[in-house]
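So the structure is just underneath, and the comments pick up after that.
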Amino acid sequence: MSEITVAGEKIGRLPDVSSPELLPPEVPLDMPDQDFKARGAKPRQRRGYWIPRAAVFTGALLLTAAFAYELYGVLAVEQATPLQMLFLVLSTIAFGWIALGSLNAALGFIPLFGGEKADTLDLPQPGPEMTTRTALLFPVYHEDPARIAGTIQAIALELQAMGAAKAFDVFIVSDTRDESGNGAGAAEESAYRALRHRLSDIIPVYYRRRRDNHARKAGNIKDWVRRFGGGYAHFVVLDGDSVMSGMTLVRLALAMEREQTAGLIQTVPRLTGASTLLQYLTQFASNVYGPLVAAGLAFWHRDQGNYWGHNAIIRTVAFASAAGLPTLPGRAPFGGDIQSHDFVEAVLLARADWGVHMVPTIEGSYEGQPPTLPDVVARDRRWAQGNLQHLGIVFTSNITTMGRLHLLMGATSYLMSLVWASSLVVGIVLALQGQQMIPSYFIDEKTLFPVWPVTDPGAALRLFFATMAIVLMPKFLGLALEIKRAYAARERRGRMRAVAGVVTETLFSILISPILMVTQTVAVFQVLFGFDSGWRPQSRDGEGLSFVSALRYHRWHMAIGVVMAVLCYEASALVLAWMSPVILGLVLAAPVSWLTSRKAPRILRSLLSTRDGRKEPAIVESARRAGDEWAMQIANRAIDGKVVPIIRAA
């Protein structure tokens, strides 16, 4: 039935295409769209917050000023040309961004190396019985039902073992489309109906699939809040590849009960489940360097942090009253629905003076990662559009200073690829002019001869090594933490494996970074010229990108690399050597992409393994096994329509 009928009169369509019997009675909660120009709540007094923030930005500013001074000395041996000054500006901007990130990691290293917690909020241990109810939301869009069902079953069993299942309900809120009669929605509903039946004596499982998937994930969650949010004090958002342990969920809920000013608590998920080489590289980098970055952010964000869209608990009343996203004026990509909604929702919560906390050291929060470079690029394209869209909010809204900073930094993370690419182009032109390979130009002053760019090679080399020390600082600090952890755990060969892992990851990151520089630069131009990324399902699995597909996908990267190599060679062998990391990454784009899409060789799996990789967390292992069992059941249902019993995990 698609129409609501009262006294024989049709009054409108049902909001869902799924069966109403799969939902509880509605408990509505108003969630008005926010006016970005409205004034926020009077902020609570926060003492001492300026100290860590001043430390980060003053330190970055001083390093950047020193870099600019030294680079000017390298370039202006005789007289700086306008093109040299442009190179100076672009390089200084790029260095400043790197310096900020490295100092952030250094600040995170201090408490972690000292064995201290970097969380902005202490989470209580389970003990007191919870007095509130929490909803676990799984927003899905063409996700694998077996994976989601396995995750929910594993979480439910852990909560049951803790005696806490009665404080949680599960909602699978779907935006999956039945396009061209593919039956995806019907198959999804059938799978989750079976899950609901199986877990009926453990935890309530509800499912609904929206008829109209406007506003994407943000609209999906807003719809849930408006219809069911009144029945829950908090809700937790989990992505299609997210897993959280029962212990972590209980501690988050207890923290929300205790801290009445907290609007959101963001965990820092650890990456797990790597199969392809790219996933192992990403997992290693995230789990070795990531804790430093997250701890540094928590250090100076305090309770005015950010939200990453999943693996976080949110106070329902706070979210409903403060974080309703309006539709932006104009057309996509800058107008329409807000794409990177999570950043903006955190900003709106902070504007209403709700605390937005980060707990980087808590265990039990996990997620997966894209398996191939094309999958990473596709996701990156959506993020680029969403983050650049925030520029229209930053300069026209009444938000907090920290909120403005969050949105600006998100957009800058993509604009910086354009800056880096521009500095490389200008650098090559300078090299060619220095060798008088292309026509030069005259400065504004009257002179009979052109002014050719001249640099100091010795000073340039010293500046290069100093810059590399700043660039590689997070890797060195992450390595120090990993060596300390291996020593404390008395892992034989742990320290050597950590060193080899960092070296391996660094070499691959040098090759992959130029590829991402080009793709992000293209993404920025696409957004600026009005191209919308659309909304396509994310790839969670898969490996073995064919070499032909890799060549086809990366042909322009390789062509750019060849052109750069020829131009640099024409300038000089020294310039070619100087640019070789970037050139190699682009020329070898297809082989690197093909290799990293394959299953990681055993030796690299060993070198790039992390603690969670060597011993899979219990909740992740339970979710994987349950997902495999559900996949078998769903496949058998598709074959003969019969339900195959699942052996419940102990």
Side-chain angles (χ1 to χ4, degrees), residues 43-74 85 87-114 116-120 268 289-306 343 346-347 350 355-358 360 387 390-391 394-395 399-416 419-420 423 459 462-478 480-481:
R44 288 171 280 122
Q45 189 173 17
R46 293 174 169 88
R47 294 183 178 179
Y49 280 29
W50 66 272
I51 297 174
R53 295 170 185 177
V56 172
F57 286 95
T58 302
L61 185 61
L62 290 174
L63 285 175
T64 305
F67 173 87
Y69 178 81
E70 293 297 327
L71 181 58
Y72 181 80
V74 170
M85 294 305 297
F87 180 76
L88 172 67
V89 170
L90 293 172
S91 298
T92 300
I93 293 173
F95 178 85
W97 181 252
I98 294 169
L100 180 61
S102 294
L103 277 181
N104 176 82
L107 285 174
F109 172 80
I110 296 171
L112 293 181
F113 193 79
E116 301 176 8
K117 288 187 176 181
D119 305 333
T120 62
V268 180
Y289 320 135
L292 298 168
V293 177
L297 292 175
F299 181 74
W300 63 274
H301 284 181
R302 301 297 175 96
D303 67 346
Q304 296 176 315
N306 216 333
F343 279 36
V347 166
V356 180
H357 297 269
M358 183 183 293
N387 286 15
H390 294 164
L391 292 174
V394 169
F395 301 110
I399 55 180
T400 65
T401 302
M402 277 298 295
R404 221 176 291 279
L405 187 62
H406 286 319
L407 299 183
L408 277 173
M409 289 181 71
T412 302
S413 65
Y414 287 92
L415 292 173
M416 208 50 61
V419 172
W420 182 24
S423 69
R462 292 193 299 272
L463 182 61
F464 170 78
F465 285 118
T467 303
M468 285 298 100
I470 300 298
V471 170
L472 297 175
M473 182 190 298
K475 296 184 186 292
F476 290 135
L477 296 178
L481 277 181

What closest approach, in Å, do [X] and [Y] show between heavy atoms, and which atom pair accounts for it?
X: Ser413; Y: Gly410; value: OG-O, 2.6 Å
X: Thr120; Y: Ala298; value: CG2-O, 3.4 Å
X: Gly305; Y: Ala346; value: O-CB, 4.1 Å
X: Leu463; Y: Glu70; value: CD1-CB, 3.8 Å
X: Ala411; Y: Asn387; value: CB-O, 3.5 Å
X: Gly355; Y: Arg44; value: N-NH2, 3.9 Å

Measuring from [X]:[atom1] to [Y]:[atom2], what's the distance to the nearest 0.5 Å?
X: Arg302; Y: Met402; atom1: CZ; atom2: CE; value: 10.5 Å
X: Leu472; Y: Leu477; atom1: CG; atom2: CG; value: 10.5 Å
X: Met468; Y: Phe465; atom1: CE; atom2: CZ; value: 9.5 Å
X: Tyr49; Y: Gln304; atom1: OH; atom2: CD; value: 6.5 Å
X: Leu63; Y: Ile470; atom1: CG; atom2: CD1; value: 5.0 Å
X: Glu116; Y: Ile110; atom1: CD; atom2: CD1; value: 10.0 Å

Taking the side chain as every heavy atom from C-beta outward, state whether [X] and [Y] have any pair of such atoms under 4.5 Å apart.
X: Leu407; Y: Ile399; value: yes
X: Phe395; Y: Arg404; value: no
X: Pro52; Y: Leu107; value: no
X: Pro291; Y: Leu112; value: yes

Requested in this report: Given side-chain contact (heavy atoms from CB on, under 4.5 Å), test Leu391 with Leu408 step by step and report yes or no.
Outcome: CA-CA 7 Å; Leu391 292 174; Leu408 277 173; 4.1 Å; yes
Point to revise | His406 and His390 aromatic centres sub-6.0 Å | key: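 No, too far apart.
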Could you walk me through whether Ile93 and Met416 pass the side-chain contact (heavy atoms from CB on, under 4.5 Å) check? CA-CA 8 Å; Ile93 293 173; Met416 208 50 61; 3.9 Å; yes
Check: Got a donor-acceptor contact below 3.5 angstrom from the Ser423 side chain to the Trp420 backbone?
Finding: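 Checking the backbone N and O of Trp420 against the side chain of Ser423, a donor-acceptor pair under 3.5 Å is found.
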* To do: Begin with the C-alpha distance, continue with both residues' side-chain angles, and end with the deciding distance and a verdict on side-chain contact (heavy atoms from CB on, under 4.5 Å) for Trp97 and Met409.
  => CA-CA 9 Å; Trp97 181 252; Met409 289 181 71; 4.1 Å; yes
#### Entry: Worked verdict on Leu100 versus Val56 for side-chain contact (heavy atoms from CB on, under 4.5 Å)
CA-CA 7 Å; Leu100 180 61; Val56 172; 3.3 Å; yes
Fit a plane to each ring of Phe67 and Phe95, take the angle between them on a 0 to 90° scale, and name the class: parallel (under 30°), tilted (30 to 60°) or perpendicular (over 60°).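 Parallel: the ring planes of Phe67 and Phe95 meet at under 30°.
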